[in-house]
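Worksheet: the structure to be examined is printed underneath.
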Amino acid sequence: MTDNHDHQADVAASPPAGTSEVPIRDVHLDTAFDTVPKYFAGGNVALSHLFAMLSATFPDGEEYFVRSLSAVQHRITDDELARDVAGFIGQESMHGREHRAFNERLASLGYPTKQAERYTDRGYRLFERISSPRLHLAVTAGVEHYTATLAELLLGDHRTREVFEHDATQRLFVWHALEESEHKAVAFDTFQHVGGGELMRRLAMTAVHVDFISHTIAMTAVSVALDPDARRHPLRTLRDMIGLIRSPFASLSAATQLAQYYRRGFHPNDRDTTELVTTWRSELFA
Ligand SMILES: [Fe+2]
Ligand SMILES: [Fe+2]
């Protein structure tokens with residue numbers, strides 16, 4: 001993230017920062033991924049597989065979020081919320097497109113990102129067959145609290161950003177983090193706008209915790225197990241896996257922030273990230 005001018009060349013039709021709370025930016029990073037190294041997360045085998053699997057779940061997860069909000073768009077009677085929902089849908093669509101391009105590069109490096117994408121899509125589509133639009137919004141709002149928490153870590157702590165040494169990879173995750181912060185309250189507000197209550201919100205979050213933690217661990221373990229380079233260097237792989245526990249992504253403060261979602265009357269904007277958003281808007285898109 002050292003060259004703003006270079007970054008701006010990748011952005012088309014960006015509205016000036018500040019004209020919208022949730023602006024849609026047409027960011028293109030695809031060709032810049034051609035030189036991403038295999039262990040793109042600080043040379044750490046386990047962390048690279050973890051972020052590869054997270055990236056693999058993003059495009060189809062984000063399509064599910066878009067479907068969740070699109071399904072109730074016609075019921076939104078508040079103009080500002082309607083604008084934010086349109087911004088949310090635009091931002092998530094862009095994230096999905098760029099993460100798919102990143103996932104292509106990861107697949108060419110041997111990561112099982114294609115299989116993980118298909119698995120994620122099937123899971124969400126199966127869930128859609130058996131639950132209500134309001135529950136989808138509750139789940140989307142819960143996952144958005146995860147992405148907002150991760151985003152705050154990335155934007156606010158240089159150690160987490162520096163994990164991504166390759167410039168295009170860092171740009172992808174920091175741009176994504178900025179927009180997750182910008183739209184962190186949209187799914188939540190939509191859920192409440194269509195009558196979603198506290199009980200469903202909290203129960204859905206518990207399901208999101210179980211799903212997110214179990215799938216992230218299982219997918220990362222499978223991805224590492226399928227990696228012949230990781231198998232050839234078992235001690236390095238083991239050391240990197242143990243090191244995950246000490247990473248800022250597994251910190252107590254991140255866990256505390258996640259737990260705040262259970263507080264009665266919680267709202268995503270209770271955590272003021274305005275300064276972080278302003279700083280990174282100007283850093284990336286001024
Ligand atoms: Fe996203
Ligand atoms: Fe999001």
Side-chain angles (χ1 to χ4, degrees), residues 1 22 27 29 40-42 44 46-62 64-65 88 91-92 94-96 98-99 102-103 106 113 116 120 139-165 169-188 204-205 207-217 219-220 223 243-262 266 268-277 279-281 283-284:
M1 203 61 51
V22 189
V27 172
L29 292 165
F40 59 91
N44 184 303
L47 203 56
S48 300
H49 278 278
L50 172 69
F51 274 103
M53 289 301 100
L54 282 178
S55 180
T57 64
F58 285 157
D60 294 285
E62 285 164 328
Y64 165 77
F65 306 155
F88 175 98
Q91 287 191 341
E92 293 293 22
M94 295 296 162
H95 304 165
E98 294 310 300
H99 273 279
F102 183 54
N103 295 344
L106 296 179
T113 45
T120 304
V139 167
T140 301
V143 181
E144 285 289 301
H145 183 59
Y146 261 94
T147 52
T149 303
L150 272 175
E152 214 181 308
L153 267 175
L154 263 176
L155 300 180
D157 181 351
H158 68 94
R159 290 176 310 150
T160 59
R161 291 193 299 279
E162 285 160 8
V163 158
F164 303 108
E165 290 160 345
T169 311
Q170 190 176 124
R171 285 191 227 167
L172 172 71
F173 280 92
V174 173
W175 158 63
H176 194 163
L178 167 66
E179 297 194 349
E180 290 304 320
S181 278
E182 286 177 331
H183 71 228
K184 66 179 179 178
V186 178
F188 188 99
M205 189 54 167
V208 166
H209 282 313
V210 172
D211 182 74
F212 183 87
I213 293 167
S214 62
H215 276 100
T216 304
I217 291 173
M219 288 166 84
T220 303
S223 188
L244 282 185
I245 300 163
R246 290 194 310 274
S247 93
F249 300 102
S251 66
L252 185 64
S253 69
T256 307
Q257 192 172 330
L258 280 174
Q260 288 172 352
Y261 197 81
Y262 284 103
F266 167 87
N269 289 340
D270 291 346
R271 287 187 71 84
D272 187 2
T273 45
T274 318
E275 204 180 312
L276 269 186
V277 166
T279 301
W280 282 102
R281 275 180 173 175
E283 179 78 20
L284 297 176

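Bear in mind the structure is a predicted one, so any value in this text is a computation, not a measurement.
- Residues passing the side chain to side chain donor-acceptor pair (under 3.5 Å) test with Tyr64 are His136, sequence neighbours excluded.
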message: Could you walk me through whether Tyr261 and Val208 satisfy the side-chain contact (heavy atoms from CB on, under 4.5 Å) test, starting with their C-alpha distance in whole Å, then the side-chain angles of each, then the deciding distance to 0.1 Å, before giving a yes or no?
response: CA-CA 12 Å; Tyr261 197 81; Val208 166; over 6 Å; no
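- A heavy-atom distance below 4.5 Å is found between the side chains of Phe164 and Leu154.
- Annotation: side chain to side chain contact (heavy atoms under 4.5 Å, CB included) contacts of Ser251 (sequence neighbours excluded): Ser253, Ala254.
- Contact of the Asn269 side chain with the Lys184 side chain is registered, since non-hydrogen atoms from C-beta on lie closer than 4.5 Å.
- Among residues two or more places apart in sequence or in another chain, the salt bridge (charged side-chain N to carboxylate O under 4.0 Å, His left out) test is passed with Asp272 by none.
- Taking both residues in full, the closest heavy atoms of Trp175 and Leu284 are given as CA-CD1, 3.9 Å, listed atom of the first, atom of the second, then distance.
- Of the inter-residue distances, the one linking Leu172 atom CG with Leu29 atom CG reads 6.0 Å to the nearest 0.5 angstrom.
- In terms of the ring-ring contact (aromatic ring centres under 6.0 Å, His included) criterion, residue partners of Phe40 (sequence neighbours excluded) are, by chain and number, Phe102.
- Listed by chain and number, the residues in a side chain to side chain contact (heavy atoms under 4.5 Å, CB included) with Ala116 are Met53, Ala56, Met219 (sequence neighbours excluded).
- Checking Gln170 against Glu165 by side-chain atom types alone, no donor-acceptor pair falls below 3.5 Å.
- Between Gln91 and Glu179, the shortest heavy-atom distance links the atoms OE1-O, 3.2 Å.
- Taking every heavy atom of both residues into account, Gln257 and Ala148 meet most closely at NE2-O, 4.4 Å.
- Considering only residues two or more places apart in sequence or on other chains, Tyr262 meets the side chain to side chain contact (heavy atoms under 4.5 Å, CB included) condition with Arg202, Met205, Thr206, His209.
- Of the N and O atoms on the side chains of His99 and Ser55, at least one donor lies less than 3.5 Å from an acceptor on the other residue.
- For His176 and Phe58, the ring centers sit closer than 6.0 Å to each other.
- In this structure the side chain of Phe88 reaches within 4.5 angstrom of the side chain of Thr140, judged on heavy atoms.
- Counting all heavy atoms, side chain and backbone alike, Asp60 lies closest to Thr120 at CB-CG2, 4.1 Å.
- Between the side chains of His183 and Glu92, at least one donor N or O lies within less than 3.5 Å of an accepting N or O.
- Identified under the salt bridge (Lys or Arg N to Asp or Glu O under 4.0 Å) test for residues 144-156, with sequence neighbours left out: Glu152-Arg271.
- Taking the side chain to side chain contact (heavy atoms under 4.5 Å, CB included) definition, one finds that Asp157 meets it with Arg159, Thr160, Pro248, sequence neighbours left out.
- Although no hydrogens or angles enter the test, the distance criterion places a donor-acceptor pair under 3.5 Å between the side chain of Arg161 and the main chain of Leu155.
- Residues passing the side chain to side chain donor-acceptor pair (under 3.5 Å) test with Ser181, sequence neighbours excluded: none.
- Under the side chain to side chain donor-acceptor pair (under 3.5 Å) criterion, Thr57 pairs with no residue at all, not counting sequence neighbours.
- Residue Thr220 comes nearest to Ala46 through the heavy atom pair CG2-O, 4.1 Å, listed as atom of the first residue, atom of the second, then distance.
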Criterion side-chain contact (heavy atoms from CB on, under 4.5 Å) on His145 and Leu258, from CA distance to verdict: CA-CA 7 Å; His145 183 59; Leu258 280 174; 4.0 Å; yes
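- Taking CG of Leu178 as the reference point, atom CD of Glu283 lies at 11.0 Å (rounded to 0.5 Å).
- Qualifying salt bridge (charged side-chain N to carboxylate O under 4.0 Å, His left out) partners for Glu98, counting only residues two or more places apart in sequence or in other chains: none.
- Rounding to the nearest 0.5 Å gives a distance of 7.5 Å between CZ of Phe173 and OG1 of Thr169.
- Side-chain atoms of Asp270 and Gln260, non-hydrogen and from C-beta on, never get closer than 4.5 Å to each other.
- Under the side chain to side chain donor-acceptor pair (under 3.5 Å) criterion, Thr147 pairs with Glu180, not counting sequence neighbours.
- Atom CG of Leu54 is separated from atom OH of Tyr146 by 11.0 Å, given to the nearest 0.5 angstrom.
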